[in-house]
Amino acid sequence: MSVDDLRFAGNVVARALPAAAEGVYAWWCTLAWSAADVDAARAILSPAETARTLRFGLPELRARYVSGRATLRMLLGRWMDVPAEALPIAHGSRGRPHIDLAGAPDFNVSHTRDAAVIAISTSARIGVDLERRDRAVDAARIARKFLTARERAGMDALEADACREHFLRIWTCKEAMSKATGDGLSAPLGKLSVGVGDRELRLDDGPAPYLPQDWRLVAIDVPSSHVATAALWRPSR
């Protein structure tokens, strides 16, 4: 396995990030590739991924998908010592991807615009979420639907910018957990109570399978323009 930077066509396309937790490895990925590099990367994709590319209506969205998927395959292939184009990426009953090989680590991906985070875990099931700090979001309206009363109370004393950033941190925690389980937006986000401290993120309360003792939330050290969180899930029963 290797946690070094990843290069493609002479360019660094995935930069290794500081370890967020033991057994967790993450990379900051650039999805804005040249047209020539995007064309070259198409050979790395599987037939199903190539077919999916055609479903993106805008050329820039197709290019981002190709560069992101190729980066994922190259990183995972390097980890497993398998050619990127031959790596068997399968999907579970809820569509959550995994590597269909014995001894493979768990992984997850999140992207926004032309950047992405890819995370690999050898110690737990992992979910990751990435958001831009300048994302325009109606925090108060969304909070009424997806945040608990306790979380909303913690936002009430904050000014607008601080409130938005606080909301985004909570949101990345909940999104990351829902991606770890594979529940997505069907997860009971409004019943998950997340605590955000100066140096600690934690799940304070939630229904099964979102039991606090089974989860660890950690911030990923991404560029200051973004915020990212990894959720590590180790079911105790």
Side-chain angles (χ1 to χ4, degrees), residues 17-24 26 92-96 106-112 117-121 123-222 224-237:
L17 295 170
E22 184 177 356
V24 176
S93 59
R94 297 181 179 179
R96 191 177 186 276
D106 198 50
F107 72 91
N108 205 238
V109 182
S110 183
H111 57 80
T112 176
V117 166
I118 296 174
I120 292 176
S121 172
S123 59
R125 188 95 166 251
I126 190 168
V128 62
D129 189 53
L130 172 71
E131 300 287 348
R132 292 183 60 91
R133 287 190 184 275
D134 64 358
R135 174 183 170 183
V137 57
D138 186 345
R141 180 182 63 81
I142 301 175
R144 286 194 294 271
K145 183 175 182 180
F146 293 111
L147 269 58
T148 65
R150 180 178 179 181
E151 291 167 335
R152 294 195 300 272
M155 294 170 54
D156 288 343
L158 301 175
E159 296 186 2
D161 284 346
C163 180
R164 179 173 51 81
E165 288 206 16
H166 188 79
F167 168 80
L168 287 175
R169 176 59 77 182
I170 293 175
W171 181 255
T172 60
C173 290
K174 296 193 178 192
E175 277 274 13
M177 285 189 284
S178 73
K179 293 176 69 177
T181 61
D183 287 342
L185 289 178
S186 67
L189 301 180
K191 297 180 179 180
L192 307 183
S193 184
V194 173
V196 178
D198 291 339
R199 297 185 178 181
E200 180 188 23
L201 303 173
R202 64 189 183 277
L203 175 62
D204 289 329
D205 192 24
Y210 301 94
L211 304 176
Q213 66 268 25
D214 294 344
W215 291 88
R216 183 181 180 189
L217 304 174
V218 292
I220 300 178
D221 189 5
V222 294
S224 60
S225 55
H226 292 70
V227 57
T229 301
L232 305 174
W233 182 33
R234 300 184 183 89
S236 57
R237 58 183 179 182

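Heads up: numbering here begins at 1 and tracks the sequence.
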Reported OG-to-CZ distance for the pair S225 and R135, which is rounded to 0.5 angstrom: 15.0 Å

Pairs in or reaching into residues 137-150: which pass salt bridge (Lys or Arg N to Asp or Glu O under 4.0 Å), with residues at least two apart or in two chains? D138-R141, R150-D204

Run the numbers on Q213 and S236 for side chain to side chain contact (heavy atoms under 4.5 Å, CB included), then give the verdict. CA-CA 8 Å; Q213 66 268 25; S236 57; 4.3 Å; yes

L17 and V222: which non-hydrogen atoms are nearest, and at how many Å? CD1-CG1, 4.0 Å

Exercise: identify the closest heavy-atom pair between A231 and W215: CB-CZ3, 3.8 Å

Backbone of R202 reached by a side-chain donor or acceptor of R216 within 3.5 Å: no

How far apart are the closest heavy atoms of K174 and T148, and which atoms are they? NZ-N, 4.1 Å

Just verifying a value: how many Å separate I118 CD1 and F107 CZ, rounded to the nearest 0.5 Å? 9.0 Å

Taking 4.0 angstrom as the limit, do D214 and R125 come out as a salt bridge? no

Full working for side chain to side chain contact (heavy atoms under 4.5 Å, CB included) between V109 and V128: CA-CA 6 Å; V109 182; V128 62; 5.5 Å; no

Give a yes-or-no answer on whether the side chains of D205 and Y210 include a donor-acceptor pair shorter than 3.5 Å. no

Which atoms form the tightest heavy-atom contact between L192 and L203, and what is the distance? CB-CD1, 4.3 Å

Let me have the donor-acceptor pairs involving side chains of residues 159-167, under 3.5 Å, with sequence neighbours excluded, atom names and distances please.
unit_1: R164; atom_1: NH1; unit_2: R133; atom_2: O; d: 2.1
unit_1: E165; atom_1: OE1; unit_2: R133; atom_2: NH1; d: 2.9

Go through L185 and E175 one step at a time and tell me if the side chain to side chain contact (heavy atoms under 4.5 Å, CB included) criterion holds. CA-CA 8 Å; L185 289 178; E175 277 274 13; 4.2 Å; yes

Looking at every non-hydrogen atom in both residues, tell me the closest pair between G127 and A180 and how far apart they are. N-CB, 3.6 Å

Measure across K179 and S110 and return the closest heavy-atom pair with its distance rounded to 0.1 Å. NZ-CB, 3.6 Å

Would you please say whether a donor-acceptor pair under 3.5 Å links the side chains of T229 and D129? no

Name the orientation class of the two ring planes belonging to W171 and F146 (parallel below 30°, tilted from 30 to 60°, perpendicular beyond 60°). perpendicular

Only one of V196, T172, L232, L201 clears side-chain contact (heavy atoms from CB on, under 4.5 Å) with L217; which? L201

Nearest-0.5 Å distance that lies between atom OG1 in T181 and atom CZ in R94: 6.0 Å

Compare all side-chain heavy atoms of V117 with those of I220 and state whether any distance is below 4.5 angstrom. yes

Run the side chain to side chain contact (heavy atoms under 4.5 Å, CB included) test on R96 and D106 for me, step by step, so that the C-alpha distance in whole Å, both residues' side-chain angles and the decisive distance to 0.1 Å come before the verdict. CA-CA 11 Å; R96 191 177 186 276; D106 198 50; 2.7 Å; yes

Any donor-acceptor pair under 3.5 Å from E151 side chain to I170 backbone: no

